[in-house]
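I have placed the structure first, in the form of structure tokens, so that the comments after it can refer back to it.
One-based numbering along the sequence shown.
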Amino acid sequence: MITSRSARDQLSAAAISSNQPPRCAFTGELDICNCDSFRAQLSDSLPIGGALVVDLHAVTFFSLNALQVLLEVQRLAEVRQCDLMVVGSRCVDRVLDVTGAAAEFTLLHYIPN
């Protein structure tokens, strides 16, 4: 579990590899306090080739810092020829839409089995 300032701000992450494609799930708030952990978890989970689902459906706050990390990881995924697929929550989708970054990702509206 990755923890930030308080119980309210808690972020947890889980790598779930039994699913195809593998999935990295996050719960809680993604802000400047835990972006380094967010980056490390995603970077470590990226396969060479194939795909990775970034499950953000339970994220309750998504900062511009978190978006910057997601964009960095998207560039790394392109280098590794990996399709980065994102399942967002309402706040994640809003940030992606408002910033125009939604076009950078394969967005899913459900978690694939």
Side-chain angles (χ1 to χ4, degrees):
M1 181 183 321
I2 303 165
T3 358
S4 62
R5 295 181 302 278
S6 70
R8 183 186 64 80
D9 298 330
Q10 188 170 295
L11 174 73
S12 65
I16 303 161
S17 60
S18 61
N19 292 355
Q20 290 298 330
R23 178 168 57 106
C24 234
F26 295 88
T27 303
E29 297 186 355
L30 278 166
D31 59 21
I32 195 166
C33 293
N34 50 33
C35 277
D36 288 339
S37 298
F38 180 49
R39 179 184 294 105
Q41 180 77 26
L42 287 176
S43 297
D44 291 347
S45 299
L46 268 180
I48 296 175
L52 175 68
V53 175
V54 181
D55 180 358
L56 303 175
H57 88 273
V59 168
T60 56
F61 179 79
F62 191 73
S63 71
L64 291 176
N65 299 90
L67 173 60
Q68 181 178 356
V69 168
L70 198 57
L71 288 167
E72 290 171 13
V73 172
Q74 171 61 20
R75 287 190 292 275
L76 179 58
E78 289 171 2
V79 169
R80 293 186 182 179
Q81 298 180 342
C82 175
D83 186 16
L84 192 69
M85 298 179 280
V86 177
V87 179
S89 65
R90 186 174 180 188
C91 67
V92 172
D93 292 343
R94 177 188 276 173
V95 170
L96 294 177
D97 288 340
V98 168
T99 60
E104 299 295 319
F105 303 99
T106 301
L107 299 177
L108 303 176
H109 299 287
Y110 62 92
I111 300 166
N113 293 338

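Distance check: L56 CG to L96 CG gives 8.5 Å after rounding to the nearest 0.5 Å. For the atom pair CG (L76) and CG (L46), the distance works out to 5.0 Å, reported to the nearest 0.5 Å. With rounding to the nearest 0.5 Å, the separation of CZ in R39 from CG in N34 is 11.0 Å.
Evaluation of the side chain to side chain contact (heavy atoms under 4.5 Å, CB included) rule for D93 yields no partner, not counting sequence neighbours.
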Checking side-chain contact (heavy atoms from CB on, under 4.5 Å) for the pair L30/V92: CA distance, chi angles, key distance, verdict?
-> CA-CA 10 Å; L30 278 166; V92 172; 6.0 Å; no
Go through the steps for L70 and F105 under the test side-chain contact (heavy atoms from CB on, under 4.5 Å), then give the verdict.
-> CA-CA 9 Å; L70 198 57; F105 303 99; 3.7 Å; yes
CA sep, side-chain torsions, deciding dist, call: I32, S63, side-chain contact (heavy atoms from CB on, under 4.5 Å) = CA-CA 7 Å; I32 195 166; S63 71; 5.6 Å; no
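Between Y110 and V87, the closest heavy-atom pair is O-CG2, 3.4 Å. Closest of all the heavy-atom pairs between V59 and F26 is CG2-O, 3.8 Å. For the residue pair F38 and A66, the shortest heavy atom distance occurs at CE2-O, 3.6 Å. Of all heavy-atom pairs between P22 and A51, the closest is CD-O, 3.5 Å. The shortest heavy-atom contact between L52 and C82 is N-SG, 3.8 Å.
The side-chain hydrogen bond (donor to acceptor under 3.5 Å, both in side chains) pairs that include a residue from residues 75-88 are Q74-E78, D83-T106, where partners are two or more places apart or lie in different chains.
For the side chain to side chain contact (heavy atoms under 4.5 Å, CB included) criterion with L64, the lone passing option out of V95, V69, D31 is V95.
Using a distance-only test at 3.5 Å, with no hydrogens or angles considered, no donor-acceptor pair links the side chain of D97 to the main chain of A102. Using modelled atom types, no side-chain atom of S89 and backbone atom of T60 make a donor-acceptor pair closer than 3.5 Å.
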